[in-house]
There are 2 protein chains.
Amino acid sequence: MVKRVSLDHSSCPVARSLDVIGDWWSLLIIRDALEGVQRFTAFQSSLGIAKGMLASRLRTLVERGIFEQRPASDGSAYREYVLTAKGQALHIVVAALRQWGETQLYGPTERHSSLVDTLDREPVAPLTLRASNGRSLEWSDTRVIKVDAARY
Amino acid sequence: MVKRVSLDHSSCPVARSLDVIGDWWSLLIIRDALEGVQRFTAFQSSLGIAKGMLASRLRTLVERGIFEQRPASDGSAYREYVLTAKGQALHIVVAALRQWGETQLYGPTERHSSLVDTLDREPVAPLTLRASNGRSLEWSDTRVIKVDAARY
DNA sequence: TATGCATGGTCTCATCTTGAGACCAGTATG
DNA sequence: CATACTGGTCTCAAGATGAGACCATGCATA
């Protein structure tokens, strides 16, 4: 899958991240995986994605170390896709997207799924930026320090 | 810009968010805007995006309430694009992507830009999930509660 | 063990999206 | 007034996607 534009060598971690997971389907596949989906057919029916696309996406996500394929845990000869540690680390990105959607994209009467603490089933707290000492930061309290690169 | 698949009415906030900002360029445009870019030409030269794409993306992002256009602050007759509150709220998503990229996508010798506390120029702390009482949570301590929807 | 269905794909084709660049009207500048 | 910059639009070729036909293997069951 040759990409039109590649940000693979960008000095901006945001760009490089999007190069890996920034296409239309990848984060949805990862969201499902974080919720326990493992089998090809399960992804397909959950997402309504075309088979060819799903096969192609899973292949590149495996290549990029987000998923790995392993024998099915139920003893059958089929295989399943599980997130690597690198893939699991995306849970915070998915959570951030979720919280943004919840607060910005739903009307007061619309229902949506929620991420909750398993213990008390209370919604998790809104993510906040913090300084290294734990102090809460606004966006305006931060800045991006660039390394040399005219375009990134 | 008609989309092949629309998740606009999904009950999953992750899906609905991706419907708004999930394409290849939108988050990069927003990243630049968060760092102070405001003018059409500035986005174009920063991103290396085709003019037509940039015009189209900015148009839909304005339609969707992420950006607004207003007269240029320097007194010229040109206009500039600034993030709305809804758009600014995406800073946490961008920060999450940035941190994931920093930790997972760079070799030890590679340099990258960093998000720091303006005060002491120290990197911001890693984002973590927290329970409503502030207790730190692992991904495995949480679960997603769904509303009824076979496909979402 | 023969039959049939589920799984996990590949391949092709039509359609939609994107990138590159020509072109243009209005604005600033010397 | 001449020229360059800004912020677009339009077109066309090429790349990406969706739908679905087709297929090899695994599994279930009579």
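Side-chain atoms are counted along with the backbone in the values below, which use heavy atoms only and exclude waters and symmetry mates.
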Query - A/V116-A/L97 co-clustered via ILVMFWY side chain contacts under 4.5 Å - result: no
Query raised in the report: What is the distance from CD of B/Q44 to P of C/dG19, rounded to the nearest Å?
Result: 12 Å
Query raised in the report: Closest nucleotide of DNA chain D for B/F40 versus for A/S76: which of these residues is on the 5' side?
Result: B/F40
Requested in this report: May I ask you to decide if the ring planes of A/F67 and A/Y81 are parallel, tilted or perpendicular, using 30° and 60° as cut-offs?
Outcome: perpendicular
Query raised in the report: Backbone N or O of B/L105 within a donor-acceptor pair of the A/R16 side chain at under 3.5 Å?
Result: yes
**Report entry** Name of the residue among A/H91, A/E68, A/Q88 meeting side chain to side chain contact (heavy atoms under 4.5 Å, CB included) with A/L83
**Finding:** A/Q88
Report task. Please determine if a side-chain N or O atom of B/R39 lies less than 4.0 Å away from the OP1 or OP2 oxygen of D/dT6. Result -> no
Query - Separation of atom CG in B/L47 from atom P in D/dG7, rounded to whole Å - result: 14 Å
Requested in this report: Please report, rounded to the nearest Å, how far the P atom of D/dT17 is from the CE atom of A/M53.
Outcome: 4 Å
Report task. State which of C/dA28, D/dG26, D/dT9 makes the closest approach to the side chain of B/A77. Result -> C/dA28
Query raised in the report: Contact class for A/Q69 (heavy atom, under 4.0 Å): base, sugar-phosphate, or nothing?
Result: sugar-phosphate
Query raised in the report: C/dT7, C/dG26, C/dA20: which one has an atom nearest the side-chain heavy atoms of B/Y78?
Result: C/dG26
Query raised in the report: Nearest of D/dT17, C/dT7, D/dT9 to any side-chain atom of A/T41?
Result: C/dT7
Query raised in the report: Between atom CZ in B/F43 and atom C1' in D/dT6, what is the gap in whole Å?
Result: 15 Å
**Report entry** Length of the line joining B/I49:CD1 and C/dT18:P, which is rounded to integer Å
**Finding:** 9 Å
Report task. Indicate whether OP1 or OP2 belonging to D/dT9 is found under 4.0 Å from a side-chain N or O atom of B/R59. Result -> yes
Query raised in the report: So, A/S46 and A/D32: side-chain donor and acceptor under 3.5 Å apart, yes or no?
Result: yes
Query raised in the report: Is the distance from OP1 or OP2 of D/dA16 to the nearest side-chain N or O of A/W25 less than 4.0 Å?
Result: no
Requested in this report: May I have the distance from B/L58 (atom CG) to C/dT18 (atom P), rounded to whole angstrom?
Outcome: 14 Å
Query raised in the report: Less than 3.5 Å between a donor and an acceptor, one on the side chain of A/Y81 and one on the base of C/dG8, is that the case here?
Result: no
Query raised in the report: Expressed in angstrom and rounded to an integer, what is the separation of A/K51 atom NZ from C/dA6 atom C1'?
Result: 10 Å
Query - Whole angstrom value for the distance that separates C1' of C/dT10 from CG of A/L54 - result: 13 Å
